[in-house]
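Below is one structure, written out as structure tokens; comments come after it.
The structure presented is a predicted model; accordingly, all values stated were derived computationally and were not measured.
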Amino acid sequence: MTPIASDLAAGLVQSVDWLAVAPPTIAAVAGLAVLVADLFLPEQRKPLLGWLAIAGLALAGLSLLPLLNGDRSTFCLTSGDGAACSYTADTFTLVIQLLVLGGALLTALLSISGIQDLRLPAGEFWFLLLSSAAGAALLPASRDLATLVVALEVASLPAFALVGLRRESRLSSEAALKFFLSSVTATAVMLLGVSFVYAATGSLHLSRIADGLAHVDPRLDTLAQAGVVLTLVGFAFKTAAVPFHFWVPDTYVGAPIPVAAYLSVVGKAVGFSGLILVTVVAFPSYDDVWGPAVAVLAALTMTAGNVAALRQRPERAHSAVRLLAWSSVGQAGYLLVPIAAAGYAGSDGDAAHAIGSTVAYALMYAAVNLGAFAVVALVARTNPTGRITDYRGLYAARPLAALALGFFLLCLAGLPPGIIGLFAKVTVFQTAVDAGLGWLAVVMALNVVIALYYYLQWTAVLFRAPEAPSDEGVASVTPVAATAPLTAAVGLAAVLGIALSGAPQLVLRFASGALL
């Protein structure tokens, strides 16, 4: 072999650090194990598949512990100007993987009883959930656009099937179709943007794209700008940012409640982590393009989400899930604010602090929103219509569930005793002010006031005296046997929310070092 060929071969060697890739790998292997076990287990023993999935997710979560010692990278190229890696397990990766795997674990606890109640095919459900979780855990570690897109699709494609798994339900089929079409459109737009960026920079690795865009040929500047914008549009679909949010309410209503909970937390974590990577890591030199764009998206998203949630009628069927769906759109707007602020940051440290605010807010939102969906799943066992009016008298029937749901809603509203929700909103607000986005801070403050109404309205319903079932439009909650996994999901979410409320500053300090 000639010296030139030898140097080229050495530059193309892909180093593999199996410890670094353990979290998504374990989740994927657990999915395959569930799929194989489903072939041999008799029908009456299918519930064991759920516990196998929970064990796999717990093991994947524990595999994060050895990675806390320092950053690790793998699948690296050493050719060209410096090394470039496709997979990096840094603090940002570990925080998002913790959120993803923890959210998937709570979803799995919710799903144990949900599969039996809805008579869903157990093997297919657990395989799809674990496959999606594996893709979601891979995405925050991706440091090239090819891996990023593949991880995004691995997380999204199983989710389509999860939404439409209730084959006898028309709502479920319509929700899956709408979710599929919108996601495919987003992917096509994103791939077009990625191809433009590659044409302008000659690389797919995020670090090399950043260098290439900083010194792009003036003749290719328009192409590069178009690539940046189209890539952002693709991720805007995934984050349910307005005007790319239209799939959210119908998808959440048509999906099984555990799947809606999964999409509201893990699906958003996937979209936002991808958006953070492409903006802050790959496109920092184009912050004058994506900074204002993300700021406008944040204002539109929080306003549209909160106004639509405000207009939900409590007596309408599925109004509880529909309100949480629109609420999640509004919360997405808050999550976009620090990303926009990072575009106006004067230094890498300021950008890291802004992104840390998004990560801290996402951790808070994940815990309390999953908890709210867990209580909704509990009440749905008695009142499958899912109306907010069905929650009247919940405190009389199930005081602990009512207190938990009230706490989750107050956290989402940003009111005591939900200290973590208040702290997260103040942190995001301060980030906007520090970045000079005073107008966006004012829009956020107005939206927080709007959101107070519908969160407090639902909270008040929980503690009203139950009315007779004969009253028109009123269906009081009656006690129903709560399964141990469902109770555990509510309890874990409540404990996590209380713990975060007790030490909110630690969450921000931990998240602030999550990037750069």
Below 4.5 Å, heavy atoms only, C-beta onward: do [X] and [Y] meet side chain to side chain?
{"X": "Phe92", "Y": "Ile276", "result": "yes"}
{"X": "Ser207", "Y": "Arg143", "result": "no"}
{"X": "Ser327", "Y": "Tyr455", "result": "yes"}

- Message: If we check side chain to side chain contact (heavy atoms under 4.5 Å, CB included) with Pro158, which of these qualifies: Leu129, Leu128, Leu130?
- Response: Leu128
- Task: Drop me the distance from Leu263's CG to Ser132's OG, to the nearest 0.5 angstrom.
- Result: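 These two atoms lie 7.5 Å from each other.
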- Query: What's the spacing between Phe179 CZ and Trp247 CH2 if we round to 0.5 Å?
  - Reply: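 Phe179 CZ to Trp247 CH2: 5.0 Å, rounded to 0.5 Å.
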- Query: Just checking, any donor-acceptor pair under 3.5 angstrom between side chains of Ser357 and Thr431?
  - Reply: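 Yes - a donor-acceptor pair under 3.5 Å links their side chains.
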- Task: Would you kindly say whether Asp434 and Tyr344 are connected by a side-chain donor-acceptor distance under 3.5 Å?
- Result: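 There is no such pair (donor and acceptor under 3.5 Å, judged by atom type) between the side chains of Asp434 and Tyr344.
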- Message: So for atom OH, which belongs to Tyr453, do other residues, nucleotides or ligands contribute more than 12 heavy atoms lying within a distance under 6.0 Å?
- Response: no
- Message: Within a 6.0 Å radius of atom CZ on Phe180, are there more than 12 heavy atoms belonging to other residues, nucleotides or ligands?
- Response: no
- What's the shortest heavy-atom distance between Ser203 and Ile209, and which atoms? O-CG1, 3.4 Å
- Message: The criterion is ring pair (Phe, Tyr, Trp, His ring centres under 6.0 Å); which residues satisfy it with Tyr361, sequence neighbours excluded?
- Response: none
- Message: So does Leu412 get a backbone contact from the side chain of Lys425, meaning a donor-acceptor N/O pair under 3.5 Å?
- Response: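 Yes: the side chain of Lys425 pairs with the backbone of Leu412.
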- Message: Using salt bridge (Lys or Arg N to Asp or Glu O under 4.0 Å), reason through Asp90 and Arg72 one step at a time and then give a plain yes or no.
- Response: CA-CA 7 Å; Asp90 54 12; Arg72 305 173 73 106; over 6 Å; no
